[in-house]
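Notes for the one structure printed next.
We use all heavy atoms of the structure for the numbers below, so side chains are in, but hydrogens, waters and symmetry mates are not. First the proteins, then the strands, lettered A, B, ... as listed; each starts at 1.
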Amino acid sequence: MDDAKLDRLLQALRGRPVNTARIEYGFEARMMAVLRQRRAEEPAVFFMAWKLAPMFLALLLAVGGWVYAVASPQGGAHITAIGAGHEEVQMVRYITGD
Amino acid sequence: MDSAEAGVPDERLVEQVRAGNGAAYEELIRRHKQKIFCMAARIARDSLELEEIAQEVFVKAYEKLASYRGDAPFGHWLARIATNTCYDYLRKRKQRRVEVSVDLHEWKLEAPAETQGTEPKELAALARALEGLRPDERMVLTLLELEEKSVKETAYIMDISEGNVKVRAHRARKALKVLLEKELNHG
């Protein structure tokens with residue numbers, strides 16, 4: 001396949017008139033209807049999101065609190081150490097920050 | 001056409017849309033729909049998909065209107081959105097591996113006098129070969145070769161450098177030649 005032939009074919013394809021007039025007819029009216037519908041649906045979505053916001057906030061706080069309580073390595077280590085009989089040393093380290 | 005909007009520059013209409021004037025957006029659609037339809041027609045498989053792509057372009061443009069700064073003509077900005085939308089369609093189609101019929105669509109009329117020397121079979125083969133290209137290769141060739149955009153315009157629309165446009169176009173032509181050769185030999 002040489003460049004000249006490819007150029008000739010591309011030129012032929014380019015030269016084919018594209019007539020979309022029939023499909024374009026009334027497009028702006030249909031488009032505005034679509035946009036109006038989307039605008040009408042938007043408040044309902046925002047309203048639902050607003051109503052559900054406190055629930056999500058409470059859930060977030062609960063999960064955050066749980067993660068802090070369970071996954072805190074320092075707290076966990078001290079509790080384990082106290083349980084293992086090293087209360088005094090660990091307590092001094094904990095208080096002095098060593 | 002609404003006489004109030006006729007003759008008003010696009011940029012002024014954009015300001016009016018931002019201020020809540022829906023009729024101004026209707027006028028913008030009226031002015032630019034033909035170009036968008038022509039671009040989408042190079043990609044769409046049927047009239048339903050053509051309308052779907054055009055609608056998506058104007059919905060996206062409406063939603064992004066706040067980000068339009070006016071540093072390029074509105075038409076170019078819209079063409080960029082149209083290209084990205086067409087590109088998304090091509091990618092989705094490739095992912096789904098949809099078998100498409102790429103014979104001449106209803107909106108493509110009979111060949112004009114200067115292209116009558118080209119056989120319809122060869123043109124159909126070219127259309128099939130274009131379908132076989134990667135989405136980015138197809139977009140760059142569509143813009144440069146079929147829409148006759150300059151390298152600079154293509155770079156702006158595709159949001160890549162001019163050098164990158166040239167490199168991609170070179171690769172795309174090379175890939176198209178291979179695919180077309182196959183189509184002509186086996187089709």
Side-chain angles (χ1 to χ4, degrees), chain A residues 1-68 70-71, chain B residues 22-23 25-31 33-34 36-42 44 47-48 50-51 54-55 57-59 62-63 104-120 122-123 125-127 129-130 141 144-148 173-174 176-182 184:
Chain A
M1 170 68 56
D2 57 10
D3 280 315
K5 187 172 183 184
L6 182 62
D7 285 335
R8 185 173 56 79
L9 284 172
L10 284 168
Q11 192 188 352
L13 196 62
R14 186 169 58 231
R16 267 184 186 273
V18 176
N19 188 349
T20 54
R22 196 181 61 75
I23 309 164
E24 281 175 38
Y25 183 75
F27 176 73
E28 50 273 28
R30 293 196 295 280
M31 199 60 238
M32 292 313 286
V34 168
L35 290 174
R36 269 194 297 276
Q37 195 188 343
R38 288 174 75 95
R39 274 202 301 263
E41 283 167 3
E42 263 174 22
V45 172
F46 285 129
F47 182 73
M48 282 294 288
W50 182 248
K51 291 279 275 184
L52 292 172
M55 198 191 78
F56 282 119
L57 190 67
L59 191 70
L60 197 71
L61 285 171
V63 170
W66 179 78
V67 167
Y68 182 78
V70 171
Chain B
Y25 196 60
E26 198 170 344
E27 175 60 20
L28 281 171
I29 296 171
R30 197 174 289 121
R31 284 183 191 182
K33 67 176 178 179
Q34 198 188 2
I36 300 303
F37 268 90
C38 282
M39 190 186 277
R42 305 267 184 213
S47 52
L48 204 69
L50 180 60
E51 169 103 6
Q55 277 198 10
V57 170
F58 283 104
V59 166
Y62 186 79
E63 286 170 350
L104 302 176
H105 300 297
E106 58 188 288
W107 57 79
K108 288 165 189 169
L109 302 177
E110 68 281 356
E114 68 266 25
T115 65
Q116 276 172 0
T118 312
E119 279 185 57
E122 286 182 318
L123 278 183
L126 177 61
L130 281 167
L141 277 190
L144 286 172
E145 305 282 359
L146 303 179
E147 293 288 312
E148 293 187 281
R173 276 183 72 98
K174 212 169 148 185
L176 184 63
K177 276 189 213 171
V178 173
L179 288 168
L180 188 56
E181 197 83 58
K182 274 186 201 164
L184 288 170

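- Most heavy-atom pairs under 4.5 Å with chain A: of the set B/Leu126, B/Leu141, B/Leu28, this distinction falls to B/Leu126.
- Between atom CD of residue A/Glu24 and atom SG of residue B/Cys38 there is a gap of 6.5 Å, rounded to the nearest 0.5 Å.
- For the atom pair A/Ile23 CD1 and B/Leu48 CG, the distance stands at 10.0 Å (nearest 0.5 Å).
- From A/Leu6, atom CG reaches atom NZ of B/Lys174 across 14.0 Å, with rounding to the nearest 0.5 Å.
- For B/Phe37, the parts lying near chain A are the backbone and the side chain together; criterion is any non-hydrogen pair under 4.5 Å.
- When atom types are taken as modelled, the side chain of B/Lys33 and the backbone of A/Phe27 share no donor-acceptor pair closer than 3.5 angstrom.
- Within the 4.5 angstrom heavy-atom criterion, no atom of B/Ala125 approaches chain A.
- Residues B/Arg42 and A/Arg14 approach most closely at NH2-O, 4.1 Å, considering heavy atoms.
- Atom CG of A/Leu10 and atom CD of B/Glu148 lie 11.0 Å apart (nearest 0.5 Å).
- Between the OG1 atom of A/Thr20 and the CE atom of B/Met39 there is a distance of 12.5 Å, given to the nearest 0.5 Å.
- Along residues 30-37 of chain A, the residues that come nearer than 4.5 angstrom to chain B, judged on non-hydrogen atoms, are A/Arg30, A/Met31, A/Met32, A/Val34, A/Leu35 in order of number.
- For B/Ile36, no part lies near chain A; criterion is any non-hydrogen pair under 4.5 Å.
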**OP:** May I have the step-by-step check of side-chain contact (heavy atoms from CB on, under 4.5 Å) for A/Arg38 and B/Glu63, ending in yes or no?
**Re:** CA-CA 11 Å; A/Arg38 288 174 75 95; B/Glu63 286 170 350; 2.7 Å; yes

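- The shortest side-chain heavy-atom distance between B/Leu180 and A/Lys5 does not fall under the 4.5 Å cut-off.
- The existence of a salt bridge linking A/Asp3 and B/Arg173 is confirmed by a sub-4.0 Å separation between a basic side-chain nitrogen and an acidic carboxylate oxygen.
- Of the atoms belonging to B/Gln34, heavy atoms from both backbone and side chain fall under 4.5 Å from chain A.
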